[in-house]
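Before any comments, here is the structure.
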There are 2 protein chains.
Amino acid sequence: MSSVPRTPRTHRTRTPLSRERVLRAALDMADSTGLDSLTMRALGQALGVEAMSLYNYVEDKDDLLTGIVELVLSEIDLAPTAQDWRSDMRATAVSAHEALLRHPWATQLILSPPSAPAVSVRMGYIESILARLRKAGFTPEAASRGYHALDSHILGFTIWQLGHALPEDAPPDFVDTLMRQLDPDVFPYLMEHAGVHMKSSEVAEEGEFEFGLDLILDGLERYVRSTWNQA
Amino acid sequence: MSSVPRTPRTHRTRTPLSRERVLRAALDMADSTGLDSLTMRALGQALGVEAMSLYNYVEDKDDLLTGIVELVLSEIDLAPTAQDWRSDMRATAVSAHEALLRHPWATQLILSPPSAPAVSVRMGYIESILARLRKAGFTPEAASRGYHALDSHILGFTIWQLGHALPEDAPPDFVDTLMRQLDPDVFPYLMEHAGVHMKSSEVAEEGEFEFGLDLILDGLERYVRSTWNQA
DNA sequence: ACCTGAACACCGTTCAAGT
DNA sequence: ACCTGAACACCGTTCAAGT
């Protein structure tokens with residue numbers, strides 16, 4: 001701890017490799033150039049090392065991907081401090097949505113993991129949602145329902161939204177030319193729909209996530225109230 | 001059409017290759033052994049041909065995947081014949097959900113396509129939802145909202161549901177051993193949640209899709225009613 | 001016209017060998 | 001202890017050559 005031999009790191013910033021540094025570099029790579037370009041060989045090169053060295057810090061590529069997903073999930077605010085469960089759930093959902101949008105590759109890794117079940121990485125996240133609802137007086141069944149409804153909306157809407165975003169390399173007239181190819185006799189309402197999109201800003205699209213979120217929160221509120229009335 | 005030379009197809013069922021036969025075989029392969037095992041080489045072998053021959057019927061692998069997604073989408077009932085928009089939308093949503101569950105690999109291809117935007121394959125589907133809502137008196141804006149809410153729930157919930165399904169090769173005591181590994185002091189509510197799952201049947205899980213669906217339909221109903229009252 | 005062998009540029013991963 | 005060269009078993013895809 002205290003007697004690290006300090007070699008003068010003049011010509012190379014020879015920061016020693018570590019699992020954390022590998023994961024951080026992998027996350028940066030996925031953020032900047034996409035998940036497809038994150039190969040073991042390219043990641044090695046980015047760290048100034050051959051690909052094989054990475055296996056000293058990571059079990060295999062699956063473990064690498066699991067690790068960077070964990071980093072993304074750690075950005076979510078799991079302990080907002082509002083008075084009521086509804087505001088807390090809303091805050092956590094919005095925080096999760098924002099984190100997932102910051103790392104557009106993450107949602108598909110969570111929902112369609114290359115191999116293992118995703119639940120293990122997300123246990124802390126799931127536990128805190130369940131805990132908040134139970135502590136607000138939800139029955140175990142109602143809390144399970146609530147978690148399902150909220151989580152499927154958070155992840156499901158986000159991946160849907162990302163899948164419908166314009167491709168990064170889209171030319172400015174992308175939507176325009178796409179619409180011109182549509183036969184107005186066959187797809188009249190699709191053209192109208194595109195028109196609605198052109199008028200609305202990004203702010204409006206952000207509203208869509210919260211629109212659905214509030215629908216779910218409304219439904220949960222009614223659902224638990226009816227549960228309480230039964231008792 | 002009428003003068004096809006009929007070679008006696010005795011020792012080999014030498015059905016000539018065609019795009020349709022290639023796509024059908026690819027879909028069957030994805031259904032039975034998963035998307036990962038669907039390689040050009042394996043598909044060729046299944047059809048009794050070398051992989052390179054497939055490029056006579058399919059532009060590249062992307063085109064192949066687009067093709068089998070189209071087959072899945074064609075299974076959806078886009079023209080139910082109830083009286084009201086709500087029943088029609090509900091029927092189409094349920095039909096879509098069922099088709100996507102029959103082909104568990106399809107939803108991720110729709111939501112995270114390897115390259116191209118997914119909208120092109122789904123135009124007919126989107127158009128028919130928009131058309132049904134507009135014909136029920138929805139404004140263009142309300143119809144857009146409705147389509148977004150419905151489609152994101154259909155695809156988003158389904159991919160969430162599939163991502164949380166037990167792996168195919170799971171041993172019978174999979175959930176049991178997973179729960180035993182959980183520290184009850186750290187994840188008490190997660191354990192309780194697992195307990196709720198053990199008691200409920202598959203039917204109950206099917207109910208979750210319709211629970212969220214009805215929430216959205218309720219919200220849309222209120223939303224358009226308020227729109228009408230304004231006019 | 002349709003199919004194939006050989007080849008190319010990639011993957012993830014292993015393992016013995018280096019320092 | 002950490003890193004590497006060489007190798008293995010795969011990918012998608014091309015292209016000239018076969019029939």
Side-chain angles (χ1 to χ4, degrees), chain A residues 1 3-7 9 11-26 29-30 33-69 105 108-109 112-116, chain B residues 1 3-7 9 11-26 29-30 33-69 105 108-109 112-116:
Chain A
M1 270 299 184
S3 65
V4 178
R6 290 215 160 270
T7 48
R9 45 177 173 10
H11 62 5
R12 279 260 191 266
T13 36
R14 249 293 185 230
T15 323
L17 232 47
S18 68
R19 178 169 231 265
E20 217 206 344
R21 233 165 64 79
V22 168
L23 293 182
R24 202 87 247 169
M29 202 160 184
T33 52
L35 202 57
D36 284 341
S37 73
L38 174 57
T39 68
M40 298 300 277
R41 284 169 166 92
L43 180 58
Q45 197 171 11
L47 288 163
V49 111
E50 296 299 314
M52 310 86 194
S53 308
L54 301 174
Y55 289 88
N56 286 313
Y57 306 95
V58 130
E59 221 161 277
D60 50 20
K61 187 160 188 193
D62 229 67
D63 184 34
L64 179 79
L65 296 179
T66 302
I68 60 177
V69 165
W105 43 269
Q108 68 174 281
L109 283 183
S112 307
S115 62
Chain B
M1 270 300 184
S3 64
V4 179
R6 290 216 159 271
T7 48
R9 45 180 176 4
H11 62 4
R12 280 263 190 265
T13 35
R14 249 294 184 228
T15 322
L17 232 46
S18 67
R19 178 169 232 265
E20 215 205 346
R21 233 164 65 79
V22 169
L23 292 181
R24 202 87 246 168
M29 202 160 183
T33 53
L35 202 56
D36 283 343
S37 73
L38 173 57
T39 67
M40 298 300 277
R41 282 168 167 92
L43 180 59
Q45 197 172 10
L47 288 164
V49 111
E50 296 299 314
M52 310 84 196
S53 307
L54 301 173
Y55 289 88
N56 286 313
Y57 305 95
V58 130
E59 222 162 278
D60 50 21
K61 187 161 187 192
D62 227 66
D63 184 34
L64 179 80
L65 296 178
T66 302
I68 60 177
V69 165
W105 44 268
Q108 69 174 280
L109 282 183
S112 307
S115 62

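Reminder, nothing fancy here: chain letters follow the sequence lines and each chain counts from 1.
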With a 4.5 Å limit on heavy-atom distance, are the side chains of A:Trp105 and A:Leu38 in contact?
no

As an exercise, state the distance from [atom1] of [X] to [atom2] of [Y], rounded to the nearest 0.5 Å.
X	Y	atom1	atom2	result
A:Leu47	A:Leu17	CG	CG	5.5 Å
B:Ile68	B:Leu109	CD1	CG	6.0 Å
A:Tyr57	A:Arg21	OH	CZ	9.0 Å
B:Thr39	B:Gln45	OG1	CD	8.5 Å
B:Arg24	B:Arg19	CZ	CZ	13.0 Å
B:Ser37	B:Leu43	OG	CG	10.0 Å

Could you list by number each residue of residues 35-44 of chain B showing a heavy-atom separation from DNA chain D of less than 4.0 Å, or answer none if no residue does?
B:Thr39, B:Met40, B:Arg41

Nearest-Å distance, [atom1] ([X]) to [atom2] ([N])?
X	N	atom1	atom2	value
B:Glu50	D:dT13	CD	P	17 Å
B:Arg19	C:dC2	CZ	C1'	17 Å
A:Gln45	C:dC10	CD	C1'	14 Å

May I ask you to list the residues of residues 51-66 of chain A, by number, that have any heavy atom positioned under 4.0 Å from an atom of DNA chain C?
A:Met52, A:Tyr55, A:Asp60, A:Lys61

For A:Pro114 against A:Leu65, the heavy-atom pair lying closest together:
CG-CD1, 3.9 Å

Dot-bracket for DNA chain D, please, read 5' to 3', with Watson-Crick or G-U wobble pairs under 3.5 Å on both distances, ( ) within the strand, [ ] crossing, | other strand, . unpaired.
||.|||||...|||||.||

Are the side chain of A:Asp63 and the backbone of A:Asp60 linked by a donor-acceptor contact shorter than 3.5 Å?
no

Quick check against the 3.5 Å criterion: does A:Ser53 have a side-chain atom that pairs as donor or acceptor with the backbone of A:Val49?
no

